[in-house]
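Before any comments, here is the structure.
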Amino acid sequence: MTKPVLSVVVPVYNVAEYLKDCLDSLKAQSLEAIEVVVVDDGSTDGSRELARDLISDDPRFRLVETSHGGLGRARNIGVAACGDTEYLAFADSDDLVTPDAYLKMVSLLESSGSDFVTGNVQRLTGTELTQAWQYEQIKTTRTSVHITEDLSLLTDRVAWNKVFRRSFWDERQLSFPEGMLYEDSPAMIPAHFMAKSVDVLHEHVYVWRVRAGSISQRLTDHQGVADRIAGCRHVSEFLAHAEDGRWAKFKPVYDRSVLVDDLFDWLKTIPMNNEAFRAAFLDEMGSLIESFAPGTLSGLPEDLRLRWTLVQERKMEELLEVLSPVRE
């Protein structure tokens, strides 16, 4: 077997319905010199046994078994189990990687010397493929760019459309937070800032499956919004204090993007949620906004500024009047 140049970590938890498609997409990669570390995170639906059967015929794949500890922990365990490869990638077990994705991304890094490459993404809803809005701005392939020069990369907050140079990952001691949902952003936005340069590939490298009940769809779950807010706070504080504060000037831009993108969907669910959720949302979100620099809200469109101001002031009755019905 050819010595692998790329390690791919695939965390698995109760995804038996989708797992074969994911692993088949990895087996079909035109870059054959890969190792795939499948980490079963204590599945109870037969995913572990299915994974074992699906990879038994391919020596590039191996299974690591652990008790259930969440996606971040499973990814970290997978990274620790990887061999001595030059590059590192992640794939979620209900998604798909396009056939030439890793070949194209590794080739870019080989020629550019950048710390990681990020690629375009499609959403799969049922059988319908659409462009992921977070990556609509990617029109051309570019090498050796940086987030401080292109702030549109603030929407590039996921791990699975990227290939990292392993030396960069280790030197910067990157890892995913454990014990919380939405663990991508607290790792990926700091990675963007800490990289000396990044490549951007305009071609689609990843198919993100949107399914009911997935982490990204938990808009009525208090733990979900609490973890999302905690992740945003982590990134905001990182920008304020890391590298002797040299990225602090980008904090207001990031904070504003949180209000426009990350947390706006939860704001819209307030009318349909119960009183306990509403109270917790006002308390946690209001506290986050209070940590933002003065004037952060002033850069928002008027309608959105009003909504978030009411959150900051903990005025639920007035907020419900504005949100019911939500004016788009």
Side-chain angles (χ1 to χ4, degrees), residues 8 10-12 14-30 71 89-105 108 116-142 145 147 150-163 181-185 188-189 192 198-221 224-225 228 231-232 257-269 272 301 304 325-328:
V8 185
V10 184
V12 173
N14 290 354
V15 287
E17 182 178 354
Y18 309 104
L19 183 57
K20 184 178 187 302
D21 289 344
C22 174
L23 296 181
D24 282 350
S25 78
L26 294 174
K27 290 181 179 182
Q29 287 297 302
S30 55
L71 180 59
F90 301 90
D92 282 359
S93 50
D94 52 352
D95 297 334
L96 305 167
V97 183
T98 61
D100 296 325
Y102 292 140
L103 179 62
K104 290 177 178 177
M105 288 195 282
L108 266 184
F116 67 90
V117 55
T118 184
N120 209 340
V121 177
Q122 290 178 301
R123 289 167 58 104
L124 176 61
T125 307
T127 58
E128 182 182 6
L129 277 175
T130 57
Q131 172 66 46
W133 69 262
Q134 296 92 335
Y135 298 93
E136 288 175 340
Q137 78 279 5
I138 299 181
K139 305 297 183 184
T140 59
T141 294
R142 297 175 294 150
V145 301
I147 193 169
D150 181 3
L151 291 174
S152 70
L153 290 171
L154 283 170
T155 63
D156 180 35
R157 302 176 182 181
V158 293
W160 27 250
N161 66 328
K162 299 172 176 60
V163 169
L181 303 172
Y182 307 105
E183 56 285 292
D184 284 45
S185 185
M188 294 301 102
I189 296 299
H192 261 294
V198 171
D199 299 336
V200 179
L201 180 62
H202 79 281
E203 295 174 82
H204 292 105
V205 301
Y206 199 84
V207 179
W208 167 30
R209 190 189 303 271
V210 181
R211 57 188 179 93
S214 67
I215 290 176
S216 58
Q217 301 300 302
R218 295 176 181 171
L219 295 178
T220 60
D221 175 40
V225 71
R228 190 61 168 251
C232 293
S257 75
V258 163
L259 300 176
V260 174
D261 298 328
D262 290 69
L263 295 165
F264 182 56
D265 284 341
W266 271 281
L267 179 64
K268 293 190 295 184
T269 70
M272 72 182 72
L304 191 55
V326 174
R327 303 167 190 169
E328 298 297 347

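Every residue two or more places apart in sequence or in another chain that forms a ring-ring contact (aromatic ring centres under 6.0 Å, His included) with Tyr206 is listed here: Trp160. For Ser30, the side chain to side chain donor-acceptor pair (under 3.5 Å) criterion is met by Asp100, not counting sequence neighbours. Residues satisfying the side chain to side chain contact (heavy atoms under 4.5 Å, CB included) criterion with Thr127, sequence neighbours excluded, are absent altogether. Under the side chain to side chain donor-acceptor pair (under 3.5 Å) criterion, Asp156 pairs with Thr118, Tyr135, Asn161, Lys162, His192, not counting sequence neighbours. In this structure Asp184 satisfies the salt bridge (Lys or Arg N to Asp or Glu O under 4.0 Å) test together with Arg75, sequence neighbours excluded. Applying the side chain to side chain contact (heavy atoms under 4.5 Å, CB included) test to Ala28 and every residue at least two apart in sequence or in another chain returns nothing. Remark: Glu203 engages Lys104 in a salt bridge (Lys or Arg N to Asp or Glu O under 4.0 Å) (not counting sequence neighbours). With sequence neighbours left out, the salt bridge (Lys or Arg N to Asp or Glu O under 4.0 Å) criterion links Asp261 to no other residue.
Nearest approach of Ile189 to Leu154, heavy atoms of both residues: CD1-O, 3.6 Å. Here the closest non-hydrogen pair linking Ala91 and Pro11 is O-CD, 3.3 Å. When every heavy atom of Trp266 is checked against every heavy atom of Arg228, the shortest pair comes out as CZ3-CG, 3.5 Å.
Within a 6.0 Å radius of CD in Glu17, other residues, nucleotides and ligands contribute 12 heavy atoms or fewer.
The structure places OG1 of Thr125 at 8.5 Å from CH2 of Trp208, a figure rounded to the nearest 0.5 Å. In this structure, CD in Gln122 is found 12.0 Å from CG in Asp95, a value given to the nearest 0.5 Å. Once rounded to the nearest 0.5 Å, the distance linking OG1 of Thr130 with CZ of Arg123 reads 6.0 Å.
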When you look at Val207 and Leu129, which way does the side chain to side chain contact (heavy atoms under 4.5 Å, CB included) test go after all the steps? CA-CA 8 Å; Val207 179; Leu129 277 175; 3.6 Å; yes
Start with the C-alpha distance between Val200 and Leu153, add both sets of side-chain angles, then the distance that settles side chain to side chain contact (heavy atoms under 4.5 Å, CB included), and finish with yes or no. CA-CA 9 Å; Val200 179; Leu153 290 171; 4.2 Å; yes
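His202 and Thr140 are not linked by any side-chain donor-acceptor pair at a separation below 3.5 angstrom, with hydrogens and angles left out of the test. Counted by atom type alone, Asp150 and Gln137 present zero donor-acceptor pairs between their side chains at under 3.5 Å.
Side-chain contact between Leu304 and Val260 is present, with heavy atoms from C-beta onward closer than 4.5 Å. Side-chain contact between Arg142 and Leu201 is absent, with no heavy-atom pair separated by less than 4.5 Å. Annotation: side chain of Tyr102 is in contact with side chain of Val8 (closest heavy-atom distance under 4.5 Å). Residues Asp92 and Leu71 are in side-chain contact: their nearest non-hydrogen atoms beyond the backbone lie under 4.5 Å apart.
Judged by distance alone, the side chain of Arg209 and the main-chain N or O of Asp94 form a donor-acceptor pair under 3.5 Å. At least one donor-acceptor pair under 3.5 Å links the side chain of Thr98 to the backbone N or O of His204.
Remark: of the listed residues Gln131, Lys139, Gln134, Gln131 is the sole one forming a side chain to side chain donor-acceptor pair (under 3.5 Å) with Asn120.
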Tabulate below the donor-acceptor pairs under 3.5 Å that side-chain atoms of residues 18-27 make, not counting sequence neighbours, or state none.
{"unit_1": "Lys20", "atom_1": "NZ", "unit_2": "Asp24", "atom_2": "OD2", "d": "2.6"}
{"unit_1": "Ser25", "atom_1": "OG", "unit_2": "Cys22", "atom_2": "O", "d": "2.6"}
{"unit_1": "Ser25", "atom_1": "OG", "unit_2": "Val97", "atom_2": "N", "d": "3.1"}
{"unit_1": "Lys27", "atom_1": "NZ", "unit_2": "Leu54", "atom_2": "O", "d": "2.4"}
{"unit_1": "Lys27", "atom_1": "NZ", "unit_2": "Asp57", "atom_2": "OD1", "d": "3.2"}

